[in-house]
Protein chains: 2
Amino acid sequence: MARTVDPARHEARRLVIIDAALTVFAERGYDGTTTAAICRQAGIGSGTFFHYFPTKLELLLAILTLGIQEVRHAEARYADRTDALGVVLDIVRQGADDAADPRMPGFVRAVGGVMHLPDVAAKLDEDTHAQQELIRPWVERAQRAGEIRTDLTPDRITSWLYLLTDGFLGRVAVDEGFTAQGEKATLVETARRFLAP
Amino acid sequence: MARTVDPARHEARRLVIIDAALTVFAERGYDGTTTAAICRQAGIGSGTFFHYFPTKLELLLAILTLGIQEVRHAEARYADRTDALGVVLDIVRQGADDAADPRMPGFVRAVGGVMHLPDVAAKLDEDTHAQQELIRPWVERAQRAGEIRTDLTPDRITSWLYLLTDGFLGRVAVDEGFTAQGEKATLVETARRFLAP
DNA sequence: GCATTAGTGGAGTGTGCGCTCTAATAATTG
DNA sequence: CAATTATTAGAGCGCACACTCCACTAATGC
């Protein structure tokens with residue numbers, strides 16, 4: 001009997017579909033995207049599509065899951081740092097870099113548009129949590145070191161930093177003259193002003 | 001022959017439908033909202049619905065148009081002020097107040113989810129324009145008065161102020177512990193820090 | 001009163017799309 | 001080679017839902 005031919009090939013195919021979906025979702029929104037369009041973009045038939053993902057929604061969730069994993073991997077990147085404020089600002093900088101992928105803003109809007117689906121809401125919650133776990137310890141450390149203001153709790157500061165990066169993302173999505181690379185420096189400077197004691 | 005019975009009644013009915021739609025859109029997203037659900041919420045039949053609005057999309061656009069008109073009316077409110085920075089911060093404050101309507105964040109996400117429709121994109125452009133025309137003159141005045149920083153152009157400062165209010169709105173939508181009223185003061189304070197020379 | 005038309009409801013229709021089903025092919029094992 | 005199963009494509013099904021249609025009522029003008 002023949003079993004899984006090549007797990008790597010399977011995974012690669014999965015990623016091709018995910019990448020295609022990311023593109024189309026960003027362009028047309030979630031409901032505006034037909035599974036047929038994803039198949040066309042990925043160069044596959046609908047049979048193949050549903051062989052890899054049971055539903056269109058599961059595909060969206062798979063994309064979100066991938067994002068969460070990326071955030072979790074990022075933790076290791078800062079493990080040996082000692083300059084807490086520097087790490088916080090680097091994470092903010094990373095947010096600006098993420099916004100540079102031209103598909104990102106559209107995709108974020110697309111996800112927002114179906115946030116009322118419980119599964120999507122849950123995944124986004126998980127994402128928020130992962131991001132908070134990434135940044136909060138560094139905020140606390142920076143506070144103890146006296147590098148940043150202490151009149152707000154670490155949780156609120158974290159929320160406000162996400163407010164900045166999320167707003168940044170949204171602005172890039174909407175505003176012609178507002179580019180991720182061009183405004184990155186201002187983002188970091190604004191975060192610095194916000195954090196100042 | 002009998003002509004329009006009561007224009008006011010007609011307009012009122014229209015507003016009832018608009019209000020119902022705002023509620024349902026915010027809860028379920030645009031595509032997740034059926035015209036039947038709007039009718040149920042508004043207490044009307046589908047015949048009545050399509051008597052007032054030719055399509056579901058036109059209804060959404062009507063809501064956006066209403067918002068634009070509100071922004072335009074706001075201009076008069078500040079006409080006789082002389083403290084430019086104060087006006088700018090008041091406009092920011094107004095943004096926080098708008099976010100206090102519990103339906104607002106959901107509605108904004110819903111609109112974002114269908115931003116790929118050309119008509120929606122056009123209306124949002126118009127909205128952005130209206131808001132810029134509201135705030136930009138005051139930013140310029142504040143710069144000339146030396147009340148705020150001058151290292152960024154008025155356009156960029158305006159964009160960044162919207163980044164703050166939009167991000168604020170998004171945060172209220174997502175974050176349990178982040179309430180419009182509770183964080184309003186921090187929003188104004190953050191705007192002040194951003195604007196400081 | 002009659003004529004006319006705005007306003008209203010709801011049954012029904014047509015379409016678009018997510019997903020299923022079938023059938024064929026490729027890959028693997030023994 | 002045969003046997004088995006993963007993989008692929010695409011035709012088509014069923015359903016949900018935006019919108020149409022028709023019948024009726026209410027209001028107004030004459």
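Numbered from 1 within each chain, the chains take letters A, B, ... in sequence-line order.
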Whole Å only: how far is the [atom1] atom of [X] from the [atom2] atom of [N]?
{"X": "His51(B)", "N": "dC24(D)", "atom1": "NE2", "atom2": "P", "answer": "19 Å"}
{"X": "Phe53(A)", "N": "dT7(D)", "atom1": "CZ", "atom2": "P", "answer": "13 Å"}
{"X": "Glu11(A)", "N": "dA6(D)", "atom1": "CD", "atom2": "C1'", "answer": "16 Å"}
{"X": "His10(B)", "N": "dT28(D)", "atom1": "NE2", "atom2": "P", "answer": "14 Å"}
{"X": "Arg40(A)", "N": "dT8(D)", "atom1": "CZ", "atom2": "P", "answer": "19 Å"}
{"X": "Leu60(B)", "N": "dA18(D)", "atom1": "CG", "atom2": "P", "answer": "13 Å"}

Does anything in residues 127-138 of chain B form a side-chain hydrogen bond (donor to acceptor under 3.5 Å, both in side chains)? List the pairs, not counting sequence neighbours. Arg136(B)-Glu140(B), Arg136(B)-Asp155(B)

Using 4.0 Å as the upper bound for N to carboxylate O, is an ion pair formed by Arg141(B) and Glu147(B)? no

SB check Lys184(B) Asp97(B) (cutoff 4.0 Å): yes

Does the plane of the ring in Phe178(A) sit parallel, tilted or perpendicular to the ring in Phe168(A)? Use 30° and 60° as the thresholds. perpendicular

Give me the ring orientation class for Tyr30(B) and Phe25(B): parallel if the planes are under 30° apart, tilted from 30 to 60°, perpendicular past 60°. tilted

Around Arg193(B), counting heavy atoms of other residues, nucleotides and ligands shown, do more than 12 lie under 6.0 Å from its CZ? yes

Would you say that more than 12 heavy atoms from the other residues, nucleotides or ligands in this model lie under 6.0 Å from the CD of Glu70(B), or not? no

Main-chain N/O of Gly146(A) paired with Thr150(A) side-chain donor or acceptor, under 3.5 Å: no

Lys NZ or Arg CZ of Arg149(B) over Phe194(B) ring: under 6.0 Å, within 45°: yes

Flag this pair as yes if the NZ/CZ of Lys56(A) is under 6.0 angstrom from the six-membered ring centre of Phe50(A) and inside a 45 degree cone about the axis; otherwise no. no

With the threshold set at under 4.0 Å for non-hydrogen atoms, list the residues of residues 18-34 of chain B touching DNA chain C in residue-number order. none

Under 4.0 Å, heavy atom to any atom of DNA chain C: which of residues 109-117 of chain A qualify? none

Test salt bridge (Lys or Arg N to Asp or Glu O under 4.0 Å) applied to Asp125(B) - qualifying residues, sequence neighbours left out: none

Over all atoms of both residues, closest heavy-atom pair of Leu164(A) and Ala191(A): CD1-CA, 3.9 Å

Check this one for me: any side-chain N or O of Tyr52(B) less than 4.0 Å away from OP1 or OP2 of dG7(C)? no

Hey, is the side chain of Arg13(A) poking within less than 4.0 Å of OP1 or OP2 on dT8(D), counting only N and O atoms? yes

Using five pairs at either end of the helix from dG1(C)-dC30(D) to dG30(C)-dC1(D), determine the angle between the two local helix axes and round it to 10 degrees. 10°

Between protein and nucleic acid, restricted to nucleotides 19-25 of chain C and to nitrogen or oxygen atoms under 3.5 Å apart, what atom pairs and distances do you find?
residue : atom : partner  : partner atom : Å
dC19(C) : OP2  : Lys56(A) : N            : 2.9

Under the side chain to side chain contact (heavy atoms under 4.5 Å, CB included) test against Phe53(A), which residue among Ile17(A), Leu60(A), Leu61(A) passes? Ile17(A)

